[in-house]
Asks: 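Take this structure, written in structure tokens, and hold onto it; I'll ask about it next.
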Amino acid sequence: IEPAKYAIDREVFLIAVGAEFLKAELNNITSNPQRTIIYSSPQDLLTKMPQLRTKICSIDSQGCVSHALDLVFVLDASKGVSRDNFIKVRDFVKRMSFQFDINRDLTQIAVVTYGGRPQTAFALDTHDSGVLILQGLEAIQHIGGPASTG
């Protein structure tokens with residue numbers, strides 16, 4: 001299945017940290033500008049978590065109480081990112097995970113890394129508690145391969 005069709009069919013939110021020019025490309029994937037959110041920095045995203053949660057929950061009339069939340073973080077672990085910066089990003093994902101109740105019924109987290117080729121560090125159903133998510137994140141290493149994913 002084509003990734004954009006998958007995202008549209010499942011009403012996926014795409015949340016990115018980076019330049020505003022990404023928004024048009026992400027809008028093409030979701031086909032819904034309300035489901036595309038860009039933050040200028042990781043700190044910007046972290047400080048705006050309450051507003052983000054409100055925005056996500058307000059799109060659907062049933063809100064967040066009746067829906068599970070699956071979060072997939074994609075980390076650049078290529079040689080284009082220094083080991084120190086990779087650790088900073090990984091630590092950011094740890095801080096983000098504290099914002100959610102992790103369990104199979106509410107929120108699940110997955111992590112994909114890339115350094116030449118994408119690799120699933122752990123899937124959505126791998127860890128069912130915040131402690132296990134933190135342990136899984138700590139185990140993720142800097143790959144150092146080429147920045148291109150294909």
Side-chain angles (χ1 to χ4, degrees), residues 1-33 35-56 64 67-150:
I1 190 166
E2 180 182 324
K5 181 171 177 5
Y6 183 89
I8 292 166
D9 290 348
R10 285 163 183 75
E11 299 180 341
V12 168
F13 273 89
L14 290 180
I15 302 164
V17 174
E20 186 65 29
F21 74 85
L22 294 171
K23 191 163 182 89
E25 187 174 338
L26 297 178
N27 284 343
N28 286 336
I29 295 171
T30 64
S31 79
N32 182 345
R35 293 189 176 276
T36 303
I37 305 164
I38 304 286
Y39 293 95
S40 60
S41 69
Q43 188 59 41
D44 185 30
L45 171 58
L46 201 54
T47 58
K48 293 181 180 171
M49 278 302 298
Q51 295 95 324
L52 176 61
R53 195 175 290 166
T54 299
K55 180 172 182 158
I56 291 171
C64 284
H67 294 287
L69 177 62
D70 292 338
L71 295 171
V72 179
F73 292 95
V74 180
L75 306 181
D76 183 348
S78 72
K79 64 182 176 186
V81 174
S82 71
R83 187 174 309 277
D84 288 344
N85 282 337
F86 174 78
I87 290 169
K88 287 178 185 176
V89 172
R90 187 182 67 187
D91 289 347
F92 166 75
V93 174
K94 287 180 190 177
R95 289 192 310 275
M96 288 294 297
S97 71
F98 287 130
Q99 306 292 320
F100 302 94
D101 288 328
I102 308 297
N103 70 54
R104 295 196 195 288
D105 296 325
L106 289 177
T107 302
Q108 296 184 88
I109 294 178
V111 176
V112 174
T113 59
Y114 66 91
R117 295 174 45 113
Q119 298 176 352
T120 302
F122 55 86
L124 289 169
D125 59 354
T126 303
H127 301 303
D128 61 1
S129 74
V131 170
L132 293 174
I133 291 288
L134 293 177
Q135 290 172 353
L137 286 165
E138 193 61 37
I140 298 171
Q141 298 297 312
H142 185 255
I143 299 168
S148 173
T149 58

Asks: The criterion is ring pair (Phe, Tyr, Trp, His ring centres under 6.0 Å); which residues satisfy it with F122, sequence neighbours excluded?
Replies: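 With neighbours one apart ignored, the set is H127.
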
Asks: What's the separation between atom CZ in R83 and atom CZ in R90, rounded to the nearest 0.5 Å?
Replies: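 Reported to 0.5 Å precision, the distance equals 10.0 Å.
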
Asks: For the CD atom of Q119 and the OG1 atom of T113, what is their distance to the nearest 0.5 Å?
Replies: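 That separation rounds to 5.0 Å.
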
Asks: Check this for me, if you would: do D91 and K94 make a salt bridge, where the nitrogen-to-carboxylate-oxygen distance has to be below 4.0 angstrom?
Replies: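 Result for this pair is yes, salt bridge flagged.
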
Asks: Evaluate the side-chain proximity of L75 to V111: yes if any heavy-atom separation is below 4.5 Å, no if none is.
Replies: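 Touching, per the 4.5 Å side-chain cut-off.
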
Asks: So which atom in K79 and which in H142 form the shortest heavy-atom distance, rounded to 0.1 Å?
Replies: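 In this case the closest contact between K79 and H142 is CA-CE1, 4.5 Å.
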
Asks: Under 3.5 Å, is there a donor on one side chain and an acceptor on the other for S82 and D84?
Replies: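 S82 vs D84: no donor-acceptor pair found between side chains.
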
Asks: Given side chains that start at C-beta, do those of D128 and I102 come closer than 4.5 Å, heavy atoms only?
Replies: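 They are not in side-chain contact.
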
Asks: To the nearest 0.5 Å, what is the distance between OG1 (T126) and CD1 (I109)?
Replies: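 Output value for this atom pair is 11.5 Å.
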
Asks: State, yes or no, whether a side-chain contact exists between Y114 and V74 at a heavy-atom distance under 4.5 Å.
Replies: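 Touching, per the 4.5 Å side-chain cut-off.
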
Asks: Would you say L134 and F98 make side-chain contact, with heavy atoms under 4.5 Å?
Replies: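 The answer is yes, as the side chains (C-beta and beyond) meet within the 4.5 Å cut-off.
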
Asks: Can you list everything that forms a ring pair (Phe, Tyr, Trp, His ring centres under 6.0 Å) with F92? Sequence neighbours excluded, please.
Replies: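 With neighbours one apart ignored, the set is empty.
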
Asks: Any side-chain heavy atom of I140 sitting closer than 4.5 Å to one from F86?
Replies: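 Yes, their side chains come closer than 4.5 Å.
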
Asks: Does the side chain of L132 come within less than 4.5 Å of Q135's, by heavy atoms?
Replies: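 Of all side-chain heavy-atom pairs linking L132 with Q135, at least one is under 4.5 Å.
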
Asks: K48 versus Y39: any side-chain heavy-atom pair under 4.5 Å?
Replies: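 A side-chain contact exists here, since the closest heavy-atom pair is under 4.5 Å.
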
Asks: At their closest point, which heavy atom of L124 faces which heavy atom of L71, and how far apart are they?
Replies: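 That closest heavy-atom pairing would be CD2-O, 3.7 Å.
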
Asks: Checking the side chain of N85 only, and the main-chain atoms of V81 only, is there a donor and an acceptor separated by less than 3.5 Å?
Replies: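 Flag not set: sc N85 to bb V81 has no pair under 3.5 Å.
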
Asks: So, for A110 and A123, which heavy atoms are closest and what is the spacing to 0.1 Å?
Replies: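 Minimum heavy-atom contact is CB-C, 3.7 Å.
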
Asks: For the side chain of S41 and the backbone of D44, is there at least one donor-acceptor N/O pair under 3.5 Å apart?
Replies: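 At least one qualifying donor-acceptor pair exists.
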
